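In what follows, a structure is listed as structure tokens, so that the remarks can point back to it.
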Amino acid sequence: MTATTTDRPAAPPAPVRRSTGWAAAAGVVAAGAGIAAAEVVGVVTGPGSTPVLAVSDLVVDLTPAWAKDAAIAVFGTADKLFLLTVVALVAAAVAAAAGVLESRRPGWGTPVTALLAVACGAAALTRPDLGVLGVLPAVVAGVVGVLLLRALLARVAPAPAGHDLDGTAGGTGAVAGGARAVAAPGDPRRRAVLLGGTGAVALGTGLGARAVSSARAGGARSRAAVVLPAAAEPLPPVEASATFDAVRGITPFRTPSRDFYRIDTALVVPSLTTADWSLRITGLVEREVELGWDDVLARSLVERWTTLSCVSNPVGGDLVGNALWRGVRTADLLAEAGPLPGADMVLSRSVDGWTAGTPVEALTDDRGSMLAVGMDGQPLPVEHGFPARLVVPGLYGYVSATKWVVEMQLTRFANAQGYWTPRGWSALGPVKISSRIDVPGGTVPAGPTVVAGVAWAMDVGVDAVQVRVDGGPWAEADLSDAGTSSTWRQWRWEWDATPGTHELQVRAVDAAGEVQPEEPAAPAPDGAQGYDRVEVVVEG
Ligand SMILES: Nc1nc2c(c(=O)[nH]1)N[C@H]1C(S)=C(S)[C@@H](COP(=O)(O)O)O[C@H]1N2
Ligand SMILES: [Mo]
């Protein structure tokens, strides 16, 4: 719209350039209105079926490992917002081009818009959780987009020359009440009001439809109604004195649910109700099993502290959390179905189509893998998988921790792959031994200084944590009592800090005597490795 202001008052304005800006703006507004109309349809067909989300979801699926890694490295858990912004900008650019094209070659913008709509519809069809009706929003977006593009262009950037190109703002409160109110296409203010008004109505409609969609989504309401039965043998609470939580700045032993990292490919969190949900155990089994919510709660529930971590977590990163999970042992569930001898993988599937390939052994041995329904005594938060997810101690989330899980298919690694494997991540993902320095950081006064953090060596357990200053000898840190072989352990070490700049390093040793390797490795393809290093400035 800035293109409307006359840049050189002395020279007569160039008609083509002036209408180009309006045409582009009309294209963007028309596409926006189409997308908003699609959001309204999406209230019925599902929030994931609308063009913005269907396309973004597809982009997520097509994103290679390095790009995912880079996005997480730069944006952390704001990577989704980044993606949606990019998709919106690209869409706006294409829509602007369609507007300009249509204004110069009337009729040509239609096939471009239609093609875009078809592409959005096709994207929706690739979504595993949408049926054929999922294309409906794209169709509506296409129709609304084309009709509105023509209608708007006729008013703001009519093709033939010879219009009043006078740029004076003559609008005398002629707020666009309809096409007639803006009959003078030459008046920039009226054009702006028409486009701005239409855009605002579209934005309001789109956001309103989104709000209705999320209000209708039953997950949160269903979760509020859940009463979780206690575990058969509830764990005693972890005493504060068993932790190092009192150390200022240390990671608490238990990660509060609201602080628990969230990683998934879902742009709209699947919102399941316990009534909608069921889990099927299929594939290489003696008998298929299907369990509803009540069936799960009727079984004996176990409780276990488990530290969950993401393969994308860099050394020293925070894509790791520790919670008390409650659920049904996967070993028991699988036994009900009777895995056939050839099966070595469970391909677990989320309601949104995401999959993880987990060794059958990890789900049946005694490490405590479960179909979790509770986190820290509450039903799972919706974004952490309500009503049910898998939790497998010792494996990164991408090969095990399926949220909103609805199927466990017994299969073979030779025949199937989880979601991330064809995208460049290892088929197997045991969690690497790791340690992290939480405090101190930055600048500290000289003298006694607490160095502290967390370390984990999943399934084996942390036996020792060692710290060194400026590459000197390793010193033994104290370990907190809280923790098991399937959780992290907090550690602390008293350092007599001397003035100057120092580098602290940490490493863990597991109960089998394995020392955390120093050689650095990037997260892809199977997890980061190396020592966490922190530079500290000590003031004298
Ligand atoms: N349905 C679904 N489940 C998923 C994922 C996903 O993308 N979709 N991501 C996995 C990954 S990579 C990780 S690290 C964990 C993270 O679990 P959280 O978000 O509860 O911390 O979830 C796993 N489960
Ligand atoms: Mo992950």
Side-chain angles (χ1 to χ4, degrees), residues 48 56-57 59-61 63 65 68-69 71-73 76-80 83 127-129 219 254-272 277 279 306-314 317-325 327 346-358 369-376 378-408 418-432 434 456 458 488 523-528:
S56 303
D57 275 330
V59 173
V60 168
D61 283 1
T63 302
K68 174 209 174 200
D69 228 28
I72 288 179
T77 41
D79 54 342
K80 292 184 171 66
L83 171 70
R127 301 290 87 211
D129 49 344
R254 176 177 87 82
T255 311
S257 297
R258 65 173 182 284
D259 297 338
F260 208 96
Y261 80 97
R262 173 190 161 202
I263 291 287
D264 53 60
T265 59
L267 292 165
V268 174
V269 176
S271 186
L272 288 168
W277 179 86
L279 174 73
T306 297
T307 297
L308 199 65
S309 65
C310 182
V311 69
S312 297
N313 194 36
D318 56 8
L319 298 177
V320 53
N322 186 41
L324 178 61
W325 305 94
V346 168
L347 189 69
S348 55
R349 187 171 281 111
S350 163
V351 69
D352 66 4
W354 188 88
T355 53
T358 313
S369 302
M370 67 169 87
L371 173 77
V373 293
M375 184 178 188
D376 298 325
Q378 301 296 321
L380 293 178
V382 174
E383 64 273 23
H384 291 295
F386 181 81
R389 70 163 320 159
L390 292 171
V391 174
V392 178
L395 299 186
Y396 287 121
Y398 83 106
V399 288
S400 67
T402 306
K403 304 191 274 189
W404 317 290
V405 62
V406 292
E407 185 183 356
M408 295 173 75
Y419 181 91
W420 282 112
T421 304
R423 292 169 175 83
W425 296 84
S426 169
L428 298 178
V431 178
K432 292 183 179 174
S434 195
W456 56 97
M458 297 298 292
W488 58 25
D526 63 357

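The shown structure was predicted, so the numbers you read here are calculated from the model rather than taken from an experiment. Read the numbers this way: they start at 1 and go in the same order the structure lists the ligands and their atoms.
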Show your reasoning for whether salt bridge (Lys or Arg N to Asp or Glu O under 4.0 Å) applies to Lys432 and Asp526. CA-CA 9 Å; Lys432 292 183 179 174; Asp526 63 357; 3.1 Å; yes
One should read off an interatomic distance between Leu324 CG and Thr255 OG1, to the nearest 0.5 angstrom, of 12.0 Å
SG of Cys310 to CZ of Arg262: how many Å apart, nearest 0.5 Å? 12.5 Å
What pairs with Arg254 under side chain to side chain donor-acceptor pair (under 3.5 Å), at least two apart in sequence or on another chain? Asp376
Without swapping roles, check the side chain of Thr307 against the backbone of Trp488 for a donor-acceptor pair under 3.5 Å. yes
Contact residues of ligand 1 with a heavy-atom cut-off of under 4.0 Å? Phe260, Tyr261, Arg262, Ile263, Asp264, Thr265, Leu308, Cys310, Ser350, Asp352, Trp354, His384, Arg389, Gly397, Tyr398, Ala401, Thr402, Lys403, Trp404
Let me know which of Tyr398, Trp404, Trp354 forms a side chain to side chain contact (heavy atoms under 4.5 Å, CB included) with Asp264. Trp404
